[in-house]
Amino acid sequence: MSALEGRVAVVTGGAGALGFAVAQALIASGTTVILLGRSQQRLKDALASLGDHASHAIIEVCDVSDEQTLTSVCERACNRYGRVDILVTCAAAPAAAGKFENLTLQEWRTTLSTDLDGVFLSCKVFGKPMIAQRYGRIINLTSFHNVATYPYRTIYNAAKSGVEGLSRALAVEWGHYGITVNTVAPGPILTPRTQWFLAQDKGNEAGMLGRTPNVRLGELNDVGSAVAFLGSDAARHINGQRLVIDGGWTMNAWWGRHTEL
C-alpha cells in the first residue's frame, strides 16, 4: 500500500509548476487530489497531462481570496469523499518586484490578497473538516527569501513572512486536533519564473550554481516529494517547522564558488 493510500488532498495553485508537481507526488503516493486554480483551461490541461493518473484527481475553478467559493469547494469535497486530509497552499500572485519607494498600494494588495489572504482563507475553510475528524496535514509553501533574500522583493517577502507566522501559530493552536502545520520554502527551483530569470543574463545560472553547495538547481520533484513526506504519517510529529529546499544555498557563508572547490 502507498504511503498516502486513501487520503484526500487539496492543492491550491494546482495548475502552476510547483502546485502540479506537488499534486503528481501526492497522487503517486496514493492520494486523491483536488486541484484548485483560477484558470479552467490550465486546470484542464493539468488534468489531461496526468494521463492514466487523471482518475485520481478532480479540478475546481477557485479564487483563493474568495471565501464563499472556497467554502463551496470544501463542501463539495466533503460530500464527495467524506473528508479532507491534506491541504497544500501553492497559489501565488505574479511577483511584484521593484524598488520599494516605487511600489504601489495596489501591487501590495494584489500580492497579499493571494499569497497571504488566500492561505489564511484556505487554512480556515479546509481546516474545519480536519478539526472535526481530528486529523490533518497542512503544508504552506513559502520561500527561501524568508531566510536570505534579494533586493526588490519587499512585497513578496512580506507576504511569505506572514504565511510563516500564520503557520507557526496554527501549529500551536491546532496540534491537539491531530493537525500538523508546516511550511516548505523552495530555493532556486527550475520553474518557469526561475528559467525566465536565468534567461536574462548568462551569468545568472553560474552565480546560482557557484553559491549552492549542491551545485545544482532544484527540480520540481524535489519540492513535490518533500511535501508528500510532510503529508504522510511518517511526519506526524513534525509540526510548526520550516523545511528549506535549496541545496544548502541559505547555509552558505563562503565568499567563493563551490564549483571551484
### Task
Would you please classify the geometry between the Y150 ring and the H145 ring as parallel, tilted or perpendicular, with 30° and 60° separating the classes?
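Perpendicular.
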Determine whether [X] and [Y] fall in the same hydrophobic cluster, where Ile, Leu, Val, Met, Phe, Trp and Tyr are linked whenever their side-chain heavy atoms lie under 4.5 Å apart.
X: F20; Y: I34; value: no
X: L220; Y: L198; value: no
X: I58; Y: L4; value: no
X: L26; Y: I245; value: yes
X: L170; Y: I139; value: no

Determine whether [X] and [Y] make a side-chain contact, defined as any pair of heavy atoms from C-beta on separated by less than 4.5 Å.
X: I59; Y: K44; result: yes
X: N146; Y: V244; result: no
X: V227; Y: L230; result: no
X: C123; Y: V181; result: no
X: D63; Y: T69; result: no
X: M130; Y: R137; result: no
X: F126; Y: V73; result: yes
X: V33; Y: H56; result: no

### Task
Please collect all ring-ring contact (aromatic ring centres under 6.0 Å, His included) contacts where either partner lies in residues 204-237, sequence neighbours excluded, each pair once.
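ring-ring contact (aromatic ring centres under 6.0 Å, His included) check on residues 204-237 returns no pairs.
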### Task
Could you tell me whether R7 sits above the aromatic face of Y135, with NZ or CZ closer than 6.0 angstrom to the six-membered ring centre and within 45 degrees of the axis?
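Yes, R7 sits over the ring of Y135.
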Is it true that a side-chain atom of [X] and a backbone atom of [Y] form a donor plus acceptor pair closer than 3.5 Å?
X: E5; Y: A3; result: no
X: T110; Y: E107; result: no
X: N252; Y: P213; result: no
X: D115; Y: A93; result: yes
X: T12; Y: A91; result: yes
X: T194; Y: I189; result: yes
X: N182; Y: R242; result: no

Could you state the interatomic distance from [atom1] ([X]) to [atom2] ([Y]), rounded to the nearest 0.5 Å?
X: T89; Y: F120; atom1: OG1; atom2: CZ; answer: 13.5 Å
X: C74; Y: L70; atom1: SG; atom2: CG; answer: 8.5 Å
X: L217; Y: T191; atom1: CG; atom2: OG1; answer: 10.0 Å
X: I138; Y: T180; atom1: CD1; atom2: OG1; answer: 8.0 Å
X: T142; Y: E164; atom1: OG1; atom2: CD; answer: 4.0 Å
X: S72; Y: E67; atom1: OG; atom2: CD; answer: 10.5 Å

### Message
Go through it in stages, so that I can follow the logic: the residues are S122 and L36, the test is side-chain contact (heavy atoms from CB on, under 4.5 Å), and I'd like the CA-CA distance, side-chain angles, deciding distance and then a yes or no.
### Response
CA-CA 11 Å; S122 297; L36 272 57; 5.9 Å; no
What pair of heavy atoms forms the shortest contact from [X] to [Y], and how long is it?
X: Q68; Y: D66; value: N-OD1, 3.1 Å
X: P188; Y: D246; value: CD-CB, 4.5 Å
X: A159; Y: T111; value: CB-CG2, 4.3 Å
X: V119; Y: L166; value: CG1-CD2, 3.7 Å
X: K160; Y: S143; value: CG-CB, 4.3 Å
X: A97; Y: R153; value: CB-NH1, 3.9 Å

Take atom [atom1] in [X]; do more than 12 heavy atoms of anything else shown fall under 6.0 Å from it?
X: Q200; atom1: CD; value: yes
X: Q40; atom1: CD; value: no
X: R76; atom1: CZ; value: yes

### Message
Quick one, V64 with L121, criterion side-chain contact (heavy atoms from CB on, under 4.5 Å). Give me CA distance, side-chain angles, the key distance, then yes/no.
### Response
CA-CA 7 Å; V64 294; L121 290 173; over 6 Å; no
Please tabulate, for side-chain N and O atoms in residues 79-87, each donor-acceptor pair with protein atoms closer than 3.5 Å (sequence neighbours left out).
residue	atom	partner	partner atom	Å
N79	ND2	E75	O	3.2
R83	NE	D85	OD1	2.6
R83	NE	D85	OD2	3.2
R83	NH2	D85	OD1	2.7
D85	OD2	V8	N	2.8

### Query
Is there any salt bridge (Lys or Arg N to Asp or Glu O under 4.0 Å) pair reaching into residues 208-221, and which pairs are they, with sequence neighbours excluded?
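Of all non-adjacent pairs touching residues 208-221, those that pass salt bridge (Lys or Arg N to Asp or Glu O under 4.0 Å) are R216-E219, R216-D222.
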### Message
Please tell me whether Y152 and N102 have a donor and an acceptor in their side chains that are separated by less than 3.5 angstrom.
### Response
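On atom types as modelled, these side chains do not qualify, holding no pair under 3.5 Å.
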